[in-house]
Amino acid sequence: MATFLYKLGRFAFRRRNYVALVWVALLALAGVGAASASTPTSSSFSIPGTEAQKAFDLLEERFPGASADGATARVVFKAPDGEKMTDAGHKAEVGKIVDELSGGSGQVGSVTDPYTANAVSKDGSTAYVQVSYKVTSMELTDATRTALEETGAEARAQGLTVEVGGDALQATPETGTTEIIGVAVAAVVLVITFGSLVAAGLPLVTALIGVGVGVSTITALASVLDLGSTTSILAMMIGLAVGIDYALFIVSRYRAELAEGREHEEAAGRAAGTAGSAVVFAGLTVVIALVGLAVVNIPMLTKMGFAAAGTVVIAVLIALTLIPAALGFVGKRVHGRKDRKAMESKAAGGEEKPNMGTRWARFVLRRPVAVLVTAVLGLGAIAIPAASLELGLGDDGSQPPSTTQRKAYDLLSDGFGPGFNGPLMVVVDGKANDNAKAAATELSDTVKKLDGVAVVTPSTVNKAGDTATITVIPENRPSSVKTEDLVHSIRDTGGEIKADNGAQVLVTGATAMNIDFSQKMNDALLPYLALVVGLAFLLLMLVFRSVLVPLKAALGFLLSVVAALGAVVAVFQWGWLGGLLGVEQTGPVMSMMPIFMVGVVFGLAMDYEVFLVTRMREAYVHGERPGEAIVTGFRHGARVVSAAAVIMIAVFAGFIGSSESMIKMIGFGLAIAVFFDAFVVRMAIVPAVLALLGKKAWWLPRWLDRALPNVDVEGEALRHRLGDDAPQGPDGGPGAERELVRA
């Protein structure tokens, strides 16, 4: 592989005009496709194989239109103290609003009058108007949404409290300007790392081109592939981070090759052959982790994973082609003045001072046990809150208290009971024995006696008479354990009824979907971990020709991701530092957060493992002792890996400013996980473990060595082909470095 990538790098350097033209053309083509595509909507949400989804599909079949996916809204009214919503004046105000909403937009499907739809609380203090739209929330026009937001201005002037809830107010998630700040931080880090504006600009520009191609392609295909707006945001988040990192490693290796006296084209080829090989395998681990999300069997999550994996592939291709081409354009300007002076001093026989990476590696080699114990105990302490992890899906009750959606949610809870915001839809399928009505009546009588039931509505039978529905209002809030127990109790009761008369009972609704979704996430986590870690373990064995190094990499990842989950629980569930991060409302962690974090962080963690340890492996293969190889790897890779991690943290942290709680939580989780993995696991635990293992770290059974193909990531075959000798130390030979390591 190294030889192929060497040739590819030299070709891209020589034919830089054509390579740049191809990528600009791809960007323009993707941009035109995105501009001409229809506006992306919220992707359809389904959980195949769950009871809630089966019930939902049955409703679509037996009650056409009953479970339409159009947007909905509830306009909630509360009378002043001592008054009731049934007073004549208040009824008149509500009537005006009903008329305004009914005739205000062609997107409105229906508007219910609370006084004819039994939508007034028992004490008369609260009432609500139900609004159903013909289109999804993402397809609502600004005029329609504005009219809904401004509803009730006159009623408020008359003393009524008016708040609006429902998904009709949900707009396309906005991340604001904070991601721009993340890119700005990345630019500053690159300038500090390279000491050259030109070298710093290359990774940024090429990463933005890659993200532009990827996100524009996703936008162009959004309607065709049913991709939600969140998909492009997550793809941009990951694509931007890895795009900058991969380009950073190629440019850094190119500069190192120039420092060794190579010609520009030769340096570009060698950078692509060595660092490019690491980029390919690092990218493969990320792609495996993202594509592996398909094992969860939730279409929305699968599409998010594939879309993000696509942007990673584009980032790898750009690093291998566009970066060498861009290096051909910038010439000597890739080095800053300080670097050029250092190169001249080295060429004149001057001594090279040990950098921070070298000094840190020597420190770890002297105290490996202390470093290892401190790092493991520190991450273990941070991971403790993960034991209290609670999963759930957000609703209006998880919105910040200052929002009108949350206020409407609270008014409904106060007026109609805590469980009113989470009704359960019970579907009775009596088609087999033509007994839907009788089975529904029997079920209603039984469910009324269950603990935690507030109201059971009369059954509704479809025209064919083979299916009936019952609405059950719980006594407790939707996300409570008691409501979850009630769902299981109703399902157990349904099993008894099926045994008696053959009718099938299914429970659905937002609350039941939430319960089933969380359970599916829990059930899929271990198989997903086994698949992703197993495939990546085999991949890393190919890269490092070792058994213990991949094992160490996997265990270190597990430690960092559990610590990151502990931090997420502490902030978003317990509220620690919530005000600092803009978390106004604490609550359960989003159900897909753990498995999504595992997928993304595993891929990114393996990036640093590959980039840092391949340089150690390269030094070891070319004759250095294990301790020397660790120092060499840190001397060449620590600064670059640290810069890459800071950049990735900055990009992810930029999304913490998003108004969408899911994006905010994912941005924080990924940022803190990268921090733990890069600076604690890879920079401390990895060298400490390798120092303790010594030569055993690179042990591989002979039979396995013969069975595994040689992918030559360290470029040994390339060096033989080019007639190179073993790499030299900074003083012209490895001997002095050996003495320093022994010391």
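A distance of 11.0 Å separates OG of Ser560 from CD1 of Ile672, quoted to the nearest 0.5 Å. For the atom pair CD1 of Ile630 and CZ of Arg362, the computed distance is 13.0 Å after rounding to the nearest 0.5 Å. Taking CE of Met597 as the reference point, atom CD1 of Ile666 lies at 8.5 Å (rounded to 0.5 Å). Atoms CG and CZ, from Leu555 and Phe557 in turn, are 11.0 Å apart once rounded to the nearest 0.5 Å. Rounding to the nearest 0.5 Å gives a distance of 9.5 Å between CE of Met648 and CD1 of Ile238. Ile595 CD1 to Leu301 CG: the interatomic distance, rounded to the nearest 0.5 Å, is 6.5 Å.
Applying the salt bridge (charged side-chain N to carboxylate O under 4.0 Å, His left out) definition to pairs two or more places apart or across chains, those involving residues 673-694 are Glu609-Arg682, Asp677-Arg682.
Two residues are said to be in side-chain contact when any heavy atoms from C-beta on lie closer than 4.5 Å; Phe676 and Val681 fail this criterion. Between Glu265 and Arg14 there is a side-chain heavy-atom pair separated by less than 4.5 Å. Proximity of Arg270 to Arg262: side-chain heavy atoms (C-beta onward) are separated by under 4.5 Å at one or more points. The closest side-chain heavy-atom distance from Arg615 to Thr274 is not below 4.5 Å. Contact check for Val601 versus Val674: no side-chain heavy atoms found under the 4.5 Å cut-off. Considering only heavy atoms from C-beta on, Phe363 comes within 4.5 Å of Val371 through its side chain. Between Leu539 and Phe281, the closest side-chain pair of non-hydrogen atoms falls below 4.5 Å. With contacts defined as side-chain heavy-atom distances shorter than 4.5 Å, the pair Leu540/Val549 does not qualify.
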- Item | Leu700 vs Ser546, side-chain contact (heavy atoms from CB on, under 4.5 Å): CA-CA, chis, key distance, verdict | CA-CA 5 Å; Leu700 185 69; Ser546 166; 5.6 Å; no
- Task: Apply side-chain contact (heavy atoms from CB on, under 4.5 Å) to the pair Leu548 and Trp698, showing each step before the final yes or no.
- Result: CA-CA 7 Å; Leu548 297 179; Trp698 309 107; over 6 Å; no
- Task: Test Phe634 against Met356 for side-chain contact (heavy atoms from CB on, under 4.5 Å), laying out the working first.
- Result: CA-CA 9 Å; Phe634 270 79; Met356 181 66 74; over 6 Å; no
- Task: Assess whether side-chain contact (heavy atoms from CB on, under 4.5 Å) is satisfied between Asn17 and Leu21, documenting all intermediate values.
- Result: CA-CA 6 Å; Asn17 292 324; Leu21 183 62; over 6 Å; no
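Relative orientation of the Phe249 and Phe611 rings is parallel, given thresholds of 30° and 60° on the angle between their planes. Between His264 and Tyr254, the angle of the ring planes lies from 30° to 60°, which puts this pair in the tilted group.
The side-chain contact (heavy atoms from CB on, under 4.5 Å) test with Val291 singles out one residue from Val287, Ile288, Val295, Leu293, and that residue is Val287.
A pairwise comparison of heavy atoms in Ala267 and Leu258 identifies CB-CD2, 3.7 Å as the closest pair. The two residues Ala638 and Met683 make their nearest non-hydrogen contact at O-CE, 3.5 Å. The heavy-atom pair separating Ala220 from Ala34 by the smallest distance is CB-N, 3.7 Å. Residues Ala275 and Ile250 share a closest heavy-atom pair of C-CD1, 3.9 Å.
Trp23 and Thr321 share a side-chain donor-acceptor pair at under 3.5 Å.
Checked by atom type and distance alone, the side chain of Ser252 never pairs as donor or acceptor with a backbone atom of Leu248 at under 3.5 Å.
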